4 protein chains.
Amino acid sequence: MTTKNQEEKRSWKQDPEAVQRDILAVAVTEFAEHGLSGARVDRIAARTRTSKRMIYYYFGDKLGLYTRALEVSYQKVREGEASLELDHLPPAAALERLVAFTFDHHRNNPDFIRMVMIENIHQAEALAASKTIRDLNVAAIEKLKDICNRGEAEGVFRAGLDPVALHWQISAASFFNVSNRPTFSVLFGAEVFSETSQARLREQTVEAILAIAKQK
Amino acid sequence: MTTKNQEEKRSWKQDPEAVQRDILAVAVTEFAEHGLSGARVDRIAARTRTSKRMIYYYFGDKLGLYTRALEVSYQKVREGEASLELDHLPPAAALERLVAFTFDHHRNNPDFIRMVMIENIHQAEALAASKTIRDLNVAAIEKLKDICNRGEAEGVFRAGLDPVALHWQISAASFFNVSNRPTFSVLFGAEVFSETSQARLREQTVEAILAIAKQK
Amino acid sequence: MTTKNQEEKRSWKQDPEAVQRDILAVAVTEFAEHGLSGARVDRIAARTRTSKRMIYYYFGDKLGLYTRALEVSYQKVREGEASLELDHLPPAAALERLVAFTFDHHRNNPDFIRMVMIENIHQAEALAASKTIRDLNVAAIEKLKDICNRGEAEGVFRAGLDPVALHWQISAASFFNVSNRPTFSVLFGAEVFSETSQARLREQTVEAILAIAKQK
Amino acid sequence: MTTKNQEEKRSWKQDPEAVQRDILAVAVTEFAEHGLSGARVDRIAARTRTSKRMIYYYFGDKLGLYTRALEVSYQKVREGEASLELDHLPPAAALERLVAFTFDHHRNNPDFIRMVMIENIHQAEALAASKTIRDLNVAAIEKLKDICNRGEAEGVFRAGLDPVALHWQISAASFFNVSNRPTFSVLFGAEVFSETSQARLREQTVEAILAIAKQK
DNA sequence: TATGAATGAGGCTTCATTCAT
DNA sequence: AATGAATGAAGCCTCATTCAT
């Protein structure tokens with residue numbers, strides 16, 4: 001009512017990007033929790049500082065919002081990975097560190113994992129449509145390719161290593177560990193997800209990957 | 001319309017179990033394709049030889065149908081695994097065969113994989129409620145435990161092997177290979193999923209698992 | 001399975017009237033509790049020793065069952081009233097006793113009251129169709145008419161008393177006391193329905209009715 | 001179709017309260033006529049100037065609509081009673097007027113009576129949940145309490161009169177007269193509901209209540 | 001006399017989305 | 001840049017009832 005209040009309200013309302021960030025943060029949570037069909041635009045709007053109408057204003061429709069939420073998820077994760085400094089490490093140590101890091105990183109970003117799961121349920125259609133995300137991942141694989149090249153050059157890794165296949169191996173363990181935790185816990189107990197078990201699994205995984213790289 | 005048709009219709013009517021099997025087969029496909037929220041009861045009914053009403057007659061509600069569909073999926077897969085004859089093989093060979101088999105089996109049962117993905121999205125709630133499935137999986141892990149025991153006794157496997165952790169390793173690779181194929185293909189190309197690449201990945205996986213078992 | 005069991009089962013199954021009584025008893029409860037639309041044929045069947053199919057076999061449809069249930073309710077209540085012996089009492093005492101009895105009787109037969117409430121909601125259509133019930137009530141009013149006649153003849157009641165109007169007065173208090181107990185309790189407290197309050201209300205009602213009969 | 005019509009439609013659109021009033025008016029009629037289970041949301045929507053969707057938009061679900069309809073019914077009736085000016089009348093005259101008024105008022109508001117009947121069938125659950133209605137009725141009983149107090153103070157009413165019990169007596173006659181008209185008519189003829197009979201019943205009731213107040 | 005299996009019709013409710021300002 | 005009101009289409013589910021033996 002007062003001019004003061006209006007000013008305050010305007011302060012962030014007049015900042016379209018802040019509004020969009022607000023919506024996206026909520027959207028990621030909602031989509032990660034309920035999937036694409038299970039997510040509710042109403043629920044997203046309710047947890048937002050804006051109204052449902054704004055979602056359509058900025059993102060067009062539910063799928064548009066989902067696509068942007070997916071992009072934001074990938075972006076955030078890849079930014080986290082950027083902190084890794086592997087160039088100055090010898091190849092084996094670099095690979096070791098990369099695997100361990102990925103394992104932990106996935107564990108710490110369950111919402112991202114869930115977004116990817118959901119995207120796989122939907123045959124990666126939104127992903128295919130997003131050039132942004134593809135670019136992000138090309139960069140990610142470059143890092144691994146560099147390690148492989150150095151390792152081969154130094155003779156510590158076997159020749160003809162496929163960085164993509166290596167990434168597949170690293171991802172498989174790290175991803176499955178988070179994605180399938182609910183069913184795995186129910187079927188075989190939650191013990192595998194205790195801190196000590198997780199530490200051992202991570203170590204096992206690191207050693208398995210290194211064995212593959214050095215293989216033969 | 002014709003008397004013939006009526007006869008035919010009758011022939012499978014009045015056979016409740018056949019009707020339920022019919023519905024379940026369609027339901028698995030629909031749920032695997034669209035998820036729990038995305039699945040449409042109408043669509044399931046349409047692909048069935050019965051009516052929507054019968055779905056509710058036999059399964060109560062959508063969640064009831066989903067739960068049964070999940071159970072059926074697990075059952076079918078575990079039955080497939082039962083054909084494996086591992087007892088007469090030496091431990092290492094048995095493990096090798098189990099890993100390779102699991103890898104292939106998951107590839108050949110994408111609908112099962114998708115059902116499990118969906119169930120993970122839903123925090124394994126339906127799974128937790130189904131004693132049937134838990135029993136099935138207890139049996140599955142027994143097989144692996146037996147291999148471990150024999151391997152340890154013969155001194156070919158390291159002591160203290162955790163069958164559940166081993167199952168985790170086997171599942172991670174085999175499951176991820178199917179579950180994340182869509183996103184992985186979009187981001188890093190479909191080459192990893194070619195027959196030759198898959199053969200190599202399977203071999204790599206087998207060797208990695210064996211390395212873990214023999215480790216140290 | 002055994003012949004013995006079959007015999008036992010047959011023992012009451014072969015008694016159609018017992019089956020119908022079983023169904024009707026359950027039906028009265030269900031209709032009284034949920035009303036005509038609210039009652040569920042499935043629920044009635046479930047609480048019965050027979051199947052849903054039998055309900056249709058014996059009563060045609062839901063409305064047929066409801067009508068019979070209503071008839072049975074009236075019958076039971078009127079039979080209860082038959083135990084009253086008023087002929088040998090002087091008119092005032094007879095009327096006093098009739099009022100007090102009705103008051104108590106209604107309190108003790110809430111299901112009957114609810115059936116009548118429900119029938120009123122439905123504009124007494126089923127009642128209008130049932131000659132059985134009309135006959136029952138003609139008999140009931142005769143009793144009151146007799147008391148009035150004797151009272152007038154003896155000069156203790158005023159002339160021109162209308163037995164139907166008197167019945168209206170008696171019913172109003174006795175019926176309302178049961179029918180509106182839920183709303184009345186919520187709005188004005190349940191104290192009016194305590195034993196002591198009820199005793200006083202009954203006495204007040206008796207006196208009020210007698211005042212009307214002796215009036216002027 | 002015509003511009004005129006669109007204008008008209010617009011004129012009352014965008015007026016949420018008008019829309020809600022429209023819906024509620026229709027809802028009261030439908031619920032009063034068919035009860036809670038018997039009422040059809042479709043039928044309500046059809047008699048409305050809005051669509052079925054708006055019912056859910058404003059009232060959540062059928063029970064929510066029913067609850068509001070019940071509240072509106074009570075409100076309307078209590079507002080009608082507010083026109084009564086009893087303070088300036090001597091106690092006996094005030095009570096006489098209150099009884100006569102209630103008797104007529106109930107007769108003129110059969111929909112309200114039916115709503116209360118229906119609510120009683122449902123054990124007053126909606127009523128119990130509505131603070132609004134409870135407040136309304138507290139006010140209603142205050143009026144009666146005031147009359148009692150004045151009457152006792154002036155020595156025209158007996159001491160220890162319970163206003164709630166008195167309200168029970170007044171309501172019993174006035175309510176039953178409307179609620180049980182259908183069954184009573186079928187069983188004992190419609191003559192009791194003729195204008196002359198009703199006038200006499202009202203008078204009888206007034207006198208009976210006054211007799212109770214002055215009693216002893 | 002009895003019954004397990006089946007069902008058409010219609011019930012309530014929810015969804016993403018657009019209108020009109 | 002922003003919004004409260006409104007909605008068509010479709011979702012899930014339940015009901016009394018009948019079929020076929």
Side-chain angles (χ1 to χ4, degrees), chain A residues 9-10 13-16 19-20 36-45 50-65, chain B residues 6 9-10 13-20 37-45 50-65, chain C residues 9-10 13-16 19-20 36-45 50-65, chain D residues 6 9-10 13-20 37-45 50-65:
Chain A
K9 249 196 160 181
R10 256 176 216 149
K13 271 195 178 175
Q14 296 283 30
D15 183 351
V19 173
Q20 290 175 59
L36 178 47
S37 322
R40 295 288 167 261
V41 177
D42 273 311
R43 222 149 41 197
I44 294 172
T50 20
S51 70
K52 183 164 54 163
R53 193 60 194 79
M54 282 295 91
I55 294 173
Y56 286 92
Y57 188 73
Y58 283 121
F59 302 98
D61 59 9
K62 194 186 185 183
L63 193 59
L65 177 59
Chain B
Q6 289 178 356
K9 250 197 160 180
R10 258 173 217 151
K13 271 185 186 181
Q14 297 288 50
D15 182 350
E17 294 190 10
V19 172
Q20 289 175 61
S37 323
R40 293 289 167 261
V41 176
D42 274 310
R43 220 149 44 196
I44 293 173
T50 18
S51 67
K52 180 165 54 161
R53 186 61 192 75
M54 293 312 286
I55 294 174
Y56 290 94
Y57 183 67
Y58 282 119
F59 301 99
D61 59 10
K62 195 187 185 182
L63 191 60
L65 178 58
Chain C
K9 248 195 161 182
R10 256 176 217 150
K13 271 193 179 176
Q14 296 285 30
D15 183 351
V19 173
Q20 291 176 58
L36 178 48
S37 322
R40 295 288 167 260
V41 177
D42 273 312
R43 222 149 41 196
I44 294 172
T50 19
S51 70
K52 183 162 55 162
R53 191 62 192 77
M54 282 296 92
I55 293 173
Y56 286 92
Y57 188 74
Y58 284 120
F59 302 98
D61 59 9
K62 194 188 185 183
L63 193 59
L65 178 59
Chain D
Q6 288 178 358
K9 250 196 160 180
R10 256 174 218 149
K13 271 184 184 179
Q14 297 288 49
D15 182 350
E17 295 190 10
V19 173
Q20 290 175 59
S37 322
R40 293 288 168 261
V41 176
D42 274 311
R43 219 149 44 196
I44 294 172
T50 18
S51 67
K52 182 165 54 160
R53 187 63 192 75
M54 292 312 286
I55 293 174
Y56 289 92
Y57 183 67
Y58 282 119
F59 302 98
D61 58 9
K62 194 186 183 182
L63 191 59
L65 178 58

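The structure displayed is predicted, hence computed values, not measured ones. Below, read A as the first sequence line, B as the second, and so on, with proteins coming before strands; counting in each chain starts at 1.
- Distance CD (D:Q20) to C1' (F:dA6): 13 Å, rounded to an integer number of Å.
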Please tabulate the protein-to-nucleotide N/O contacts below 3.5 Å involving nucleotides 8-10 of chain E, giving atom names and distances.
residue : atom : partner : partner atom : Å
E:dG8   : O6   : B:R53   : NE           : 2.9

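- Nucleotide F:dC19 holds its C1' atom 12 Å from the CE atom of B:M54, rounded to whole Å.
- Across the protein-nucleic acid pair, A:I44 atom CD1 and E:dC15 atom C1' stand 13 Å apart, rounded to whole Å.
- For B:Y57, no side-chain nitrogen or oxygen approaches OP1 or OP2 of E:dA6 to under 4.0 Å.
- Proximity of A:I44 to A:L65: side-chain heavy atoms (C-beta onward) are separated by under 4.5 Å at one or more points.
- Candidate nucleotides F:dA1, F:dA16, E:dA5 were compared by shortest atom distance to the side chain of B:Y58, and E:dA5 ranks first.
- Here the shortest heavy-atom pairing between B:S37 and A:G38 reads OG-CA, 3.4 Å.
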Dot-bracket encoding of pairs in DNA chain E, which uses [ ] for pseudoknotted crossings and | for another strand, Watson-Crick or G-U under 3.5 angstrom: .||||||||||||||||||||

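- Between the NZ atom of D:K62 and the C1' atom of E:dT13 there is a distance of 12 Å, rounded to whole Å.
- Under the side-chain contact (heavy atoms from CB on, under 4.5 Å) criterion, A:Y57 pairs with A:R53, A:M54, sequence neighbours left out.
- One interatomic measurement links the two molecules: CG of B:D61 to P of F:dT14, which rounds to 7 Å at whole-angstrom precision.
- Rounded to a whole Å, the CG atom of C:L63 is 12 Å from the P atom of F:dA16.
- Following rounding to the nearest Å, A:F59 (CZ) and E:dA16 (P) show an atom-to-atom distance of 16 Å.
- The distance from atom OH of D:Y56 to atom NZ of D:K62, rounded to the nearest 0.5 Å, is 8.0 Å.
- Remark: C1' of E:dC15 and CD1 of A:I55 are 14 Å apart, rounded to the nearest angstrom.
- Here the side chains of C:L63 and C:L36 are in contact, with some heavy-atom distance below 4.5 Å.
- Within the nucleic acid shown, B:A39 comes within 4.0 Å of sugar-phosphate atoms alone, with no base atom in reach, counting heavy atoms only.
- Among the nucleotides E:dA16, F:dC12, E:dA6, the one closest to any side-chain atom of A:Y56 is E:dA16.
- Residue whose closest nucleotide on DNA chain E sits further toward the 5' end, between D:S37 and A:G38: D:S37.
- For D:K52, the salt bridge (Lys or Arg N to Asp or Glu O under 4.0 Å) partners two or more places apart in sequence, or in a different chain, are D:D42.
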